[in-house]
2 protein chains.
Amino acid sequence: MNLKPLSESTEMYLKAMAELSGRDVIAVGRLAERLGVTPVSANEMMRRLGEQGLVAHTPYKGVNLTKKGREAAGNVIRRQRLWECFLYDHLKIEWARVYEFACLLEHATAPEVTESLAEFLGHPKTCPRGNPIPEADGSFKPLDATPLSELKPGQTARLLAVSATAADVLKYLQEKNILPGREVTLLELAPLQGPLTVRIEEKDVALGLPMAEFVLVKIIKS
Amino acid sequence: MNLKPLSESTEMYLKAMAELSGRDVIAVGRLAERLGVTPVSANEMMRRLGEQGLVAHTPYKGVNLTKKGREAAGNVIRRQRLWECFLYDHLKIEWARVYEFACLLEHATAPEVTESLAEFLGHPKTCPRGNPIPEADGSFKPLDATPLSELKPGQTARLLAVSATAADVLKYLQEKNILPGREVTLLELAPLQGPLTVRIEEKDVALGLPMAEFVLVKIIKS
DNA sequence: TGGAATAATAAGGTAAACCATAATTTAATT
DNA sequence: AATTAAATTATGGTTTACCTTATTATTCCA
Ligand SMILES: [Mn+2]
Ligand SMILES: [Mn+2]
Ligand SMILES: [Mn+2]
Ligand SMILES: [Mn+2]
């Protein structure tokens, strides 16, 4: 199937694309922003990935993973989330930093190691951030959840997953106890993109709208 | 101490240098051979590493790790051997392939992860190939052992470590049961760089001289 | 139907690690 | 001391993945 190993850069582009969309086309500008590169660089990379058959680019419309690209992305995400499990459950590494360390290891993990690790971990279904772990064949489906930012005041929800990856964002969420499994109630939503006030673990916490988009929940009480 | 992370290539050069000499100077040609690059490339790299204060190069004499370089090398080797322990003891990966997988992971391992891993493993003293694991500060001393190639016929020894890293060599040693902890007796040494015949685990095995140099033993019976 | 964004291209650079080939320098040995 | 082998330098390339500054092409929206 996959002949040559993909470069770290390639894997990060594929992963970002998979995380950035269910199936709809992605604006190259958004991708560039996500990866911290210029739009020109992202464009160049899209050409290269297109030549390798990993992405389909419709100029002025956007990019999409091909079947091959989506499978490769799933494999990267699988490795990443399995490492997250290991680092958190066994090495006792701080929740907020698990992602960044796993993001290094994911590119240095041979398939045999990935599958042995999965076995060792007991084939976990989700990572410590609550995100589902793709199958060994690279297949995966997006989590069926609602962003916290779409909750209405008074509603209560179960926190399913955190899709953030930036260390400072994770650190903040960790400090405020905004973690998978917890119950949250939206107390107030300030107007004009204002912060949300949520009650979690008996405490009231303020969250900016952009951060609330990274928090995925399932409504349990309206 | 260390400001920027070293590149994978840099780490492999440092590791090769540490493995290639106790304290004496290393011929750049040998280094190049070890790393599978041309002498010209190794020379260029020595210039770069010299500028970074990691190696000292005396033209036409050879290269040496500086204190800084030796410490950095020790850190790489520590990561590598800790991963070898994990892959072998916990993931049940085949002895002969553990090195190659650890050699990937070693470059993607943050210090926090290294130390948590050491803790998780119970601070092992040696890797599955029998080589000592450097301390957390990067310090290490060469193993006090005799190459199997220097044994005299009739002598019996305890196998301490295998310093080989090439997958095919490790595979051969694994198949023939030439593993740390075993007892070996040198039965015969053919003349003219000829093969050694050793008895190990009740079986007679032939080993070429170059391969016998990779096998480190402690003589227990003359 | 304009503009204003946004996207894409063109053009020219950089840095790290590699390569080959050829010339030069030094060391080692007969 | 001459020869040979090994090491070094000089030159000029390659690939990947970045960058900047223009310029051009589309879309979309008021
Ligand atoms: Mn990564
Ligand atoms: Mn390595
Ligand atoms: Mn160009
Ligand atoms: Mn050049």
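Below, read A as the first sequence line, B as the second, and so on, with proteins coming before strands; counting in each chain starts at 1.
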*What do the steps show when you test A/Glu11 against A/Lys15 for salt bridge (Lys or Arg N to Asp or Glu O under 4.0 Å), and what is the final call?*
CA-CA 6 Å; A/Glu11 290 192 334; A/Lys15 199 176 79 166; over 6 Å; no
*For the residue pair B/Asn131 and B/Thr126, establish whether any side-chain heavy-atom pair is separated by less than 4.5 Å.*
no
_Ring-face cation of B/Arg70 near B/Phe140 (centre distance under 6.0 Å, axis angle within 45°)_ = yes
*If we only count heavy atoms from C-beta on, is the B/Glu100 to B/Thr165 side-chain gap below 4.5 Å?*
no
_Base versus backbone protein contacts along nucleotides 23-30 of chain D [heavy-atom cut-off under 4.0 Å; B, S, -]_ = --BS----
_A/His107 NE2 to D/dA17 P, straight-line distance once rounded to whole Å_ = 12 Å
*Rounded interatomic separation in angstrom, taking CG from A/Leu49 and C1' from D/dA17*: 11 Å
*In whole angstrom, give the distance that lies between atom CZ of A/Arg30 and atom P of C/dA7.*
11 Å
*asked:* For A/Glu8 and B/Glu44, find the nucleotide of DNA chain D closest to each by heavy atoms; which residue's nucleotide sits nearer the 5' end?
replied: B/Glu44
*asked:* Starting the side chain at C-beta, find the nucleotide from D/dA7, D/dC18, C/dA7 nearest to B/Asn43.
replied: D/dA7
*Could you give the CG-to-C1' distance, from B/Leu31 to C/dC18, as a whole number of Å?*
15 Å
*Check every atom of D/dT16, C/dT9, D/dC18 against the side chain of A/Ser41 and return the nucleotide holding the closest atom.*
D/dC18
*Over 60° means perpendicular and under 30° means parallel, so classify the ring planes of B/His90 and B/Phe120, tilted if in between.*
tilted
*asked:* Any side-chain N or O of B/Thr38 below 4.0 angstrom from OP1/OP2 of C/dA17?
replied: no
*Between C/dA7, C/dA17, C/dG12, which one does the side chain of A/Ala27 approach most closely?*
C/dA7
*So do B/Leu65 and B/Glu71 actually touch side chain to side chain, heavy atoms under 4.5 Å?*
no
*Starting at CZ of B/Arg47 and ending at C1' of C/dA15, how long is that distance when rounded to a whole Å?*
12 Å
*For the residue pair B/Trp83 and A/Phe86, does the interplanar ring angle fall in the parallel (under 30°), tilted (30 to 60°) or perpendicular (over 60°) class?*
tilted
*Does B/Arg48 put a side-chain nitrogen or oxygen below 4.0 Å from OP1 or OP2 of C/dA16?*
no
_Side chain of B/His57, heavy atoms from C-beta onward: which of C/dA20, C/dT9, D/dT8 has the nearest atom to it?_
D/dT8
*asked:* Please determine whether a side-chain nitrogen or oxygen atom of A/Ser9 lies at a distance below 4.0 Å from atom OP1 or OP2 of D/dT16.
replied: no
*Between P of C/dA17 and OH of B/Tyr13, the distance in whole Å*: 9 Å
*How long is the line joining CD of B/Glu51 and C1' of C/dA17, in whole Å?*
14 Å
*Look at A/Ser7 and D/dT16 and indicate whether a side-chain polar atom (N or O) is within less than 4.0 Å of OP1 or OP2.*
no
*To the nearest Å, give me how far apart CG (A/Leu35) and C1' (D/dA17) are.*
12 Å
